[in-house]
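Owing to the predicted nature of the structure, the values given are computational and were not obtained by experimental measurement. Letters A, B, ... mirror the listed sequences (proteins, then strands); counts begin at 1.
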Protein chains: 2
Amino acid sequence: MLRLSRLTDYAVVALVRLGRSDGVATTPGIAAAIGIPEPTVAKVLKALTCAGLVLSTRGAHGGYRLSRPLAGISIAEVIVAIDGPIALTSCVDGAVGCESQSLCPMAGRWDPVNSAIRDALTNITLADMEDAAIPRAFRVAAPVPVNEEI
Amino acid sequence: MLRLSRLTDYAVVALVRLGRSDGVATTPGIAAAIGIPEPTVAKVLKALTCAGLVLSTRGAHGGYRLSRPLAGISIAEVIVAIDGPIALTSCVDGAVGCESQSLCPMAGRWDPVNSAIRDALTNITLADMEDAAIPRAFRVAAPVPVNEEI
DNA sequence: CCGATTGTGGACTAAGTTGGTCCTGATTGC
DNA sequence: GCAATCAGGACCAACTTAGTCCACAATCGG
Ligand code: SF4
Ligand code: SF4
């Protein structure tokens, strides 16, 4: 169904949550807040740390915090961090790809589609999603600043 | 990796191929042309017929043909026909969705993303992809109208 | 210096989804 | 009647993903 992996979904939720809490947040804290089993959310956070989207502090009173404000993180980045590069089909650049690559007339020609999706996802930041996550009643009156984008 | 199912990929390839041949095309013919096992391509064609994207003729000398020109079919339609509706996450409208839907602050707030992707995919027709499928040597000299690239 | 707290990294297993195959009809033309 | 061709399932195997667990390293507080 062209849906992204559940872990990526969790990553977005966790990041938005991290954006709300101003200090550091611990794994169990986040897990409890969003209702996702703790080991799983830990796994996601680890991946996000590798990607540089969050910073971690070890030891007692440690935890995670965002490396950038939410407005500076696009969904595309999160997806790439968890799921790997965005490529709709197996036949991209030099990768192994599918076995019928030699006969297939479309081999390597999906680039327009890939770019379109990549653009669409790059233009949406987590801050945009957070806005959408505010109950509708608030969104009208809220004096949201300009928040965008790259 | 946010990739669409292989069957959907096949469907696009098969449709473009169908657009090339002006008469009807049979399952084995298409299968041979694009290097995909015949039973599988048959399965895809059946689904496309249900969706109304291709018309079928039974009996001897039967086969498939497009119901519309390639320029009138968007990728989004093909994806919906094979993979079902485009929804990045499980929490859309009233569907069952994920179990942590009650706690999750993002529940049902993915609409901006969904719409963005849907728009991006609706604006690309199979004809666009066919253009891209022309060998590069031709694309330069060809009097193609606009055709954006990379 | 010690122990509690918290992240790091990887291995492992179970479940779910998808891809692919096959078979039994129904329909059409020769 | 017979061959070609689509229709509609059932079915199984393989792969991918999600989720869990454990041993270890770092940091802090006392
Ligand atoms: S080579 Fe053809 S069948 Fe294979 S992934 Fe690319 S477009 Fe799809
Ligand atoms: S409810 Fe939250 S965790 Fe569940 S699918 Fe929706 S956004 Fe993801």
Could you pull out the closest heavy-atom pair between [X] and [Y], with the gap in Å?
X        : Y       : result
B/Glu38  : B/Pro28 : OE1-CB, 3.8 Å
A/Ser90  : B/Arg3  : OG-NH1, 4.0 Å
B/Leu18  : B/Ala25 : CD2-CB, 3.7 Å
A/Pro105 : B/Ile34 : CD-CG2, 4.1 Å

Measuring from atom [atom1] of [X] to atom [atom2] of [Y], what distance do you get when rounded to the nearest 0.5 angstrom?
X        : Y        : atom1 : atom2 : answer
A/Ile82  : A/Leu48  : CD1   : CG    : 4.5 Å
A/Ile75  : A/Met129 : CD1   : CE    : 4.5 Å
A/Trp110 : A/Leu88  : CH2   : CG    : 6.5 Å
B/Thr122 : B/Ile117 : OG1   : CD1   : 11.0 Å
B/Ile86  : B/Ile79  : CD1   : CD1   : 4.5 Å
B/Leu15  : B/Ile73  : CG    : CD1   : 5.5 Å

side-chain hydrogen bond (donor to acceptor under 3.5 Å, both in side chains) contacts touching residues 5-19 of chain B (sequence neighbours left out):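 Qualifying pairs, neighbours excluded: B/Ser5-B/Thr8, B/Ser5-B/Asp83, B/Thr8-B/Asp83.
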
Cluster question for you: counting only ILVMFWY and a side-chain heavy-atom cut-off of under 4.5 Å, with indirect links fine, are B/Val80 and A/Leu2 together?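 Cluster IDs for B/Val80 and A/Leu2 match.
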
Kindly work out whether a path of hydrophobic side-chain contacts (I/L/V/M/F/W/Y, heavy atoms less than 4.5 Å apart) joins A/Val24 to A/Leu66.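 In one cluster with A/Val24: A/Leu66, no.
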
Work out how much the helix from C/dC1-D/dG30 to C/dC30-D/dG1 bends between its end axes, five pairs an end, to the nearest 10 degrees.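 Between the first-five-pair axis and the last-five-pair axis there is 20°.
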
Taking any atom closer than 4.0 angstrom to a non-hydrogen atom of chain B, what span of DNA chain D does the protein reach, first nucleotide to last?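 Range of nucleotides within reach of chain B: D/dA4 to D/dG9.
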
Name every residue in residues 44-63 of chain A that has at least one heavy atom under 4.0 Å from any atom of DNA chain D, in order of residue number, or write none if there are no such residues.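 Output list: A/Arg58, A/Gly59, A/Ala60, A/His61.
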
Along DNA chain C, 5' to 3', what are the outermost nucleotides having an atom less than 4.0 Å from a heavy atom of chain A?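 Nucleotide range with atoms under 4.0 Å of chain A: C/dT5 to C/dG10.
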
Within residues 26-38 of chain A: residues closer than 4.0 Å to DNA chain C (heavy atoms):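 Here the set is A/Thr26, A/Thr27.
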
